[in-house]
Amino acid sequence: MQAGATTQDASDKSALASAPSPAQTAQRIGVPREIFPGEKRVATVPEAVEKLIKLGFSVAVEAGAGDAANCSDDTYRAAGATVAESAAALWSGSDIVFKVRPPSADEVAQMRAGQVLIGFIWPAQNPDLMQQLSAKKVTVLAIDALPRMLSRAQKMDALTSQAGVAGYRAVIEAANAFGRFFNGQITAAGKVPPAKVFIAGAGVAGLAAIGTAAGLGAIVRANDTRAEVADQVVSLGGEFVKVDYEEEGSGGGGYAKVMSEGFQQAQRAMYAKQAREVDIIITTALIPGKPAPKLITAEMVQSMKPGSVIVDMAAEQGGNCELTEPGQVVVKHGVTIVGYTDLVSRLAKQSSTLYATNLFRLTEELCKTKDGVVNVNMEDDAIRGLTVIKNGEVTWPAPAPKQAAAPAPAAAKPAAAAAAKKGHGHGGGEAEPMAGSKLAIMFGVAAALFWLIGSSAPPAFLSHFTVFVLACFVGYMVVWNVKPALHTPLMSVTNAISSIIAIGALVQVSPWANAADRPNDLISWVAAAAIVLTAINMFGGFAVTQRMLAMFRK
């Protein structure tokens with residue numbers, strides 16, 4: 001019993017120690033140089049350093065950390081960061097460490113209790129690393145464990161930002177290995193057919209690849225186990241190739257699930273057909289916590305046309321093609337198979353900038369008080385999902401985020417009750433007859449007013465007034481029945497067209513040959529005001545139209 005109490009006291013003290021207090025000083029964020037072979041990214045960039053400093057933090061960067069991403073030490077100094085000459089000095093002097101790749105054993109050995117580590121960890125694939133970090137009594141936020149289904153988490157979603165870069169780069173690598181144009185051309189030397197590209201998997205990386213390949217002029221086809229992405233494929237200029245087998249393929253969190261054997265057989269038949277027809281295959285299929293599924297068999301590779309290309313984006317997890325050699329480019333059966341595991345690093349500047357933005361947005365959530373001290377709030381669904389270790393205690397996997405309660409349709413019930421009450425108050429009738437009677441009364445009053453004006457006004461005024469009333473009615477009905485999303489383009493055109501009023505105003509202010517027909521001063525002033533207002537309306541309408549059209553021009 002006493003031992004249990006001691007353990008509880010210790011945990012309470014640990015929790016108190018981790019909670020920020022007004023007396024705590026601003027914390028230092030350290031950014032070490034990535035030591036993983038071939039990794040060129042850096043966890044933050046000078047533009048993000050300036051923003052982090054505004055949150056109250058100080059920032060230290062290891063010398064040379066950003067060289068491969070075109071971020072020199074001088075640019076970091078200019079942004080307000082200090083440059084640590086060694087990794088040991090950076091790790092020992094940092095309260096928070098930003099990283100890209102999971103830390104190595106040597107890096108874990110340099111950590112101390114109470115530090116906060118933020119970066120890619122992959123806890124399911126690295127159980128030994130999780131034990132080492134837990135033994136160090138540190139707090140670890142795995143950016144790859146972010147609950148991606150939360151809308152507010154999108155700004156912190158580094159998986160999405162990095163996958164988009166990888167999809168783009170995969171097409172560039174395919175174009176480099178391919179021996180022809182992507183787009184079709186007709187030249188004096190002959191006709192060049194467009195390249196045919198098949199993309200297996202239409203997640204973030206796949207969609208980025210579809211858009212890039214279509215932009216280069218290729219004929220793009222794509223497939224995914226999730227039928228709901230078909231519209232996205234088509235919107236990017238691709239053709240969705242459906243597997244002739246009905247099965248739901250969504251596994252939650254934006255990922256696909258492992259499909260049944262029947263579906264896999266139908267899928268393999270479809271892939272075999274595409275392999276014989278297309279010039280380039282880009283595979284992106286991954287399932288969290290599992291090896292990459294084998295989609296392209298050796299027989300499929302052998303059936304492809306000589307000079308074809310396969311870019312296996314899942315090479316780091318074993319590859320989607322049976323003949324992929326991770327990290328290598330090989331030629332088998334006349335087909336070039338690109339198995340690079342560093343596609344994102346091959347655009348180091350761009351991917352580092354996006355990743356730095358993701359970490360800055362996360363830091364904003366951790367330091368809402370902007371006092372330079374992070375608060376790992378385990379009551380926040382997004383932060384709870386990210387936190388895999390809290391002060392040495394393994395907290396992964398996180399429970400499912402709490403779903404927001406659906407709004408109760410309370411407002412509709414009182415309105416319905418009020419309508420029913422009004423209907424019963426008039427002998428049990430419904431609301432529709434009341435609306436019809438009101439409409440009739442309104443038109444009756446309008447007709448009476450029109451008759452009163454017409455009985456005393458000159459005939460010329462009556463004809464103009466009739467046109468004015470009809471124009472107002474037609475214009476109101478036209479604009480009222482247009483969807484709100486189209487109001488801006490509609491008004492930009494109608495404002496310009498309605499400037500015909502300016503012609504009538506010019507007639508009113510122009511000199512007349514007969515002095516008796518000349519309009520009085522009041523009408524002249526009203527006409528002059530109308531000219532000014534319609535001129536603004538006319539030029540403003542055309543300006544808005546031109547700005548809107550410019551949005552759709554490249």
Side-chain angles (χ1 to χ4, degrees), residues 36-39 100-102 120 122 124-126 144 148 158-174 177 197-210 212-213 220-226 229 233 241 243 249-251 253-259 263-264 267-268 270-272 274-275 278 280-301 304 308-330 332 335-347 351:
F36 188 86
E39 182 58 70
V100 179
R101 292 277 185 169
F120 285 103
W122 307 108
Q125 291 93 328
N126 296 308
D144 50 274
R148 303 172 75 186
L159 284 174
T160 294
S161 66
Q162 303 303 288
V165 175
Y168 173 87
R169 184 67 190 195
V171 176
I172 301 304
E173 295 295 340
V197 180
F198 177 71
I199 297 173
V204 176
L207 292 173
I210 292 168
T212 306
V220 184
R221 304 170 185 171
N223 168 262
D224 197 281
T225 57
R226 299 160 295 176
V229 304
V233 171
V241 183
V243 177
S250 179
Y255 294 100
K257 70 174 184 179
V258 179
M259 307 300 287
F263 182 92
Q264 292 182 32
Q267 187 183 52
R268 282 193 291 269
M270 182 270 291
Y271 283 157
Q274 294 298 322
V278 302
I280 297 169
I281 296 178
I282 298 175
T283 64
T284 69
L286 283 173
I287 298 175
K290 296 181 180 294
K294 299 299 181 183
L295 304 179
I296 309 299
T297 63
E299 291 76 11
M300 294 180 193
V301 175
M304 296 181 71
S308 298
V309 177
I310 296 175
V311 179
D312 195 339
M313 295 183 63
E316 193 168 2
Q317 302 299 324
N320 295 135
C321 177
E322 289 182 347
L323 302 182
T324 296
E325 295 184 13
Q328 304 295 324
V329 177
V330 296
K332 297 185 178 181
V335 178
T336 302
I337 303 174
V338 180
Y340 290 143
T341 59
D342 60 346
L343 287 172
V344 182
S345 280
R346 289 171 180 265
L347 281 173
S351 54

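Here, residue 1 is the first one in the sequence, and each next residue gets the next number. Model, not experiment: these values are computed from the prediction. Scope of the values below: all heavy atoms of this structure, side chains included, with no hydrogens, waters or symmetry mates.
Taking the side chain as every heavy atom from C-beta outward, R268 and L295 never approach each other to under 4.5 Å. V309 is not listed as a side-chain neighbour of I281, based on a closest heavy-atom distance of 4.5 Å or more. Contact of the I282 side chain with the V171 side chain is registered, since non-hydrogen atoms from C-beta on lie closer than 4.5 Å. With a 4.5 Å cut-off on side-chain heavy atoms, I337 and E325 do not count as touching. You'll find the side chain of V338 stays beyond 4.5 Å of the side chain of D312, heavy atoms only. Side-chain atoms of I280 and S308, non-hydrogen and from C-beta on, never get closer than 4.5 Å to each other. Under the 4.5 Å side-chain criterion, counting only non-hydrogen atoms from C-beta, T283 is in contact with I296. The closest side-chain heavy-atom distance from V233 to I210 is below 4.5 Å.
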Please report the C-alpha distance between I310 and M304 in whole Å, then the side-chain angles of each, then the deciding distance to 0.1 Å, and finally whether the side-chain contact (heavy atoms from CB on, under 4.5 Å) criterion is met. CA-CA 10 Å; I310 296 175; M304 296 181 71; 3.7 Å; yes

Go through the steps for N320 and M313 under the test side-chain contact (heavy atoms from CB on, under 4.5 Å), then give the verdict. CA-CA 8 Å; N320 295 135; M313 295 183 63; over 6 Å; no

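Residues S345 and E39 bring a donor and an acceptor atom of their side chains to less than 3.5 Å of each other.
Cation-pi contact between R221 and F198: absent, since separation from the ring centre below 6.0 Å together with deviation from the ring axis within 45° is not met. Cation-pi geometry between R346 and Y340 is met: under 6.0 angstrom from the ring centre, within 45 degrees of the axis.
Not a single donor-acceptor pair under 3.5 Å links the side chain of N223 to the backbone N or O of A200. When atom types are taken as modelled, the side chain of S351 and the backbone of V344 share a donor-acceptor pair closer than 3.5 angstrom.
Closest of all the heavy-atom pairs between V220 and A213 is CG2-CB, 3.7 Å. Heavy-atom minimum distance, A292 versus A285: CB-O, 4.0 Å. In plain terms, the two heavy atoms of T336 and A177 that are nearest each other are CG2-CB, 4.1 Å. Counting all heavy atoms, side chain and backbone alike, L343 lies closest to R169 at O-CG, 3.5 Å. Between G164 and V204, the shortest heavy-atom distance links the atoms N-CG1, 3.8 Å. In this structure, C321 and V301 approach most closely via the heavy-atom pair SG-CG2, 3.8 Å.
Remark: Y271 OH is packed, more than 12 non-hydrogen atoms of other residues, nucleotides or ligands lying under 6.0 Å away.
Within the model, atoms NZ of K294 and OG1 of T324 stand 6.5 Å from one another, a figure rounded to the nearest 0.5 Å. Annotation: the span from D144 atom CG to W122 atom CH2 amounts to 4.5 Å, rounded to 0.5 Å. Distance check, rounded to the nearest 0.5 Å: OG1 of T225 to CD of Q264 gives 10.5 Å. Separating the CD atom in E299 from the CG atom in L323 is a distance of 8.5 Å, to the nearest 0.5 Å.
We find that E322 and K332 are not joined by a salt bridge, their nearest charged nitrogen and carboxylate oxygen being 4.0 Å or further apart.
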